[in-house]
Amino acid sequence: MVSVTPGIVWQTITAVDGSVAVERMWNNVTLLAGAPSGVTMSHVYQLRAVVLTLGSASVTYPFDVVCSAGSDNFQVTSGLTPLKAGMVVSAPDVVPNGLQIVGVDQPASGSVLLGGGWSPAMPTTPWVYSQPATSTLAASLLAVDQYPYGTLSAAVTPSAGVTVTDWNYDQTGALNVGDGQAMSNSGFQAVAYFGATFPSAGTYEIAVSYMSYDEDYTDTSDTLVVTVT
């Protein structure tokens with residue numbers, strides 16, 4: 001388990017009149033973490049923002065697989081429980097010492113061929129050796145946890161007269177739906193699509209906070225300064 005800080009990405013920030021976009025004030029096509037230095041808009045419009053979290057926490061998960069004699073199918077016996085949907089996985093060590101499974105002998109006397117060749121037809125010495133198929137092989141997966149699980153919340157300072165709304169899946173229940181709290185997508189990634197309306201001209205700060213449900217990531221926040229005219 002690791003514990004890193006994800007990036008909070010302000011993807012788009014738009015001034016909206018009703019349902020019509022008046023001005024795109026920020027368009028972060030490369031998904032760089034962090035808010036712009038500031039945006040300016042009229043108080044007659046609503047600010048709408050798309051914010052998400054991204055990271056690169058990499059975790060190696062050891063696991064065990066077993067192949068029954070006479071079969072070429074491997075069953076995972078332990079170790080993969082921590083994997084989550086959305087992870088990008090690779091297998092740097094399919095079996096110990098970096099060897100690869102290159103074939104399975106048949107029939108019932110089955111053994112697993114381990115080595116560095118491309119196929120069982122490759123020279124068997126010194127690159128390939130046999131291991132009884134009924135024994136357990138230890139292997140590992142490298143999983144990159146790119147999409148931190150958790151929620152985002154938006155809070156505006158000063159808050160008097162400010163209305164925050166959102167259009168997100170809300171993990172905390174119906175009482176919070178639509179008010180900019182506990183925002184995520186249906187896959188539990190911390191994603192926010194929210195709007196803020198301002199009562200009058202002035203300088204406001206919108207703080208977007210990430211609350212982690214993911215053991216690979218820690219809580220964090222990021223702030224946008226809005227000048228309302």
Side-chain angles (χ1 to χ4, degrees), residues 1-14 24-39 47-63 76 78-93 139-157 159 164-196 204-226:
M1 183 180 72
V2 297
S3 186
V4 300
T5 302
I8 292 183
V9 177
W10 296 73
Q11 185 176 11
T12 60
I13 304 171
T14 307
R24 179 64 59 86
M25 297 177 288
W26 175 253
N27 189 24
N28 184 2
V29 295
T30 58
L31 299 182
L32 293 176
S37 57
V39 296
L47 180 146
R48 289 193 186 179
V50 176
V51 182
L52 54 89
T53 51
L54 289 176
S56 59
S58 299
V59 188
T60 298
Y61 293 100
F63 65 97
V76 175
S78 65
L80 297 186
T81 302
L83 293 179
K84 296 183 289 290
M87 286 183 171
V88 178
V89 297
S90 60
D93 296 309
S140 64
L141 282 176
L142 177 65
V144 181
D145 191 358
Q146 293 179 308
Y147 306 107
Y149 289 86
T151 61
L152 290 173
S153 61
V156 181
T157 305
S159 60
V164 178
T165 56
D166 72 76
W167 300 269
N168 292 84
Y169 179 76
D170 191 318
Q171 298 184 43
T172 64
L175 292 178
N176 286 327
V177 171
D179 65 359
Q181 302 300 301
M183 296 177 286
S184 70
N185 64 18
S186 58
F188 300 104
Q189 180 192 2
V191 174
Y193 175 40
F194 69 91
Y204 298 83
E205 289 187 349
I206 303 177
V208 171
S209 299
Y210 165 67
M211 177 179 290
S212 178
Y213 296 173
D214 190 331
E215 65 272 17
D216 296 337
Y217 289 98
T218 59
D219 296 349
T220 188
S221 62
D222 197 60
T223 301
L224 171 71
V225 176
V226 184

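Looking at Gln181, its side chain does come within 3.5 Å of a backbone N or O of Ala154 through a donor-acceptor pair. Between the side chain of Thr220 and the backbone N or O of Thr5, no donor-acceptor pair lies under 3.5 Å.
Separation of atoms CG (Asp179) and CG (Asn168) is listed at 11.0 Å; rounding is to 0.5 Å.
Under the side-chain contact (heavy atoms from CB on, under 4.5 Å) criterion, Ser209 pairs with Ser153, Ser221, sequence neighbours left out. The ring-ring contact (aromatic ring centres under 6.0 Å, His included) test applied to Trp167 returns Tyr193, not counting sequence neighbours. Not a single side chain to side chain donor-acceptor pair (under 3.5 Å) links Tyr147 to another residue, sequence neighbours left out. Applying the side chain to side chain donor-acceptor pair (under 3.5 Å) criterion to Thr223, with sequence neighbours excluded, gives no partner residue. Contacts of Phe188 classified as side-chain contact (heavy atoms from CB on, under 4.5 Å), with partners at least two apart in sequence or in another chain: Tyr149, Tyr169, Gln171. Every residue two or more places apart in sequence or in another chain that forms a ring-ring contact (aromatic ring centres under 6.0 Å, His included) with Tyr204 is listed here: Phe198. The side-chain contact (heavy atoms from CB on, under 4.5 Å) test applied to Thr157 returns no partner, not counting sequence neighbours. Remark: Ser37 pairs with no residue by the side-chain contact (heavy atoms from CB on, under 4.5 Å) rule, at least two apart or across chains.
A pairwise comparison of heavy atoms in Val144 and Ser58 identifies CG2-OG, 3.8 Å as the closest pair. Listed here is the closest heavy atom pair of Ala57 and Tyr217: N-OH, 3.0 Å. Here the shortest heavy-atom pairing between Asp166 and Gly180 reads OD2-N, 2.6 Å. Residues Thr218 and Ser3 come closest through the heavy atom pair CG2-OG, 2.7 Å.
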Criterion side-chain contact (heavy atoms from CB on, under 4.5 Å) on Leu224 and Trp26, from CA distance to verdict | CA-CA 11 Å; Leu224 171 71; Trp26 175 253; over 6 Å; no

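Sorted by first and then second residue, the salt bridge (charged side-chain N to carboxylate O under 4.0 Å, His left out) pairs involving residues 140-151 (not counting sequence neighbours) are Lys84-Asp145.
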Please report, to 0.1 Å, the donor-acceptor pairs under 3.5 Å made by any side chain of residues 7-14, with sequence neighbours excluded.
residue : atom : partner : partner atom : Å
Trp10   : NE1  : Asp222  : OD2          : 2.9
Thr14   : OG1  : Arg24   : NE           : 2.9

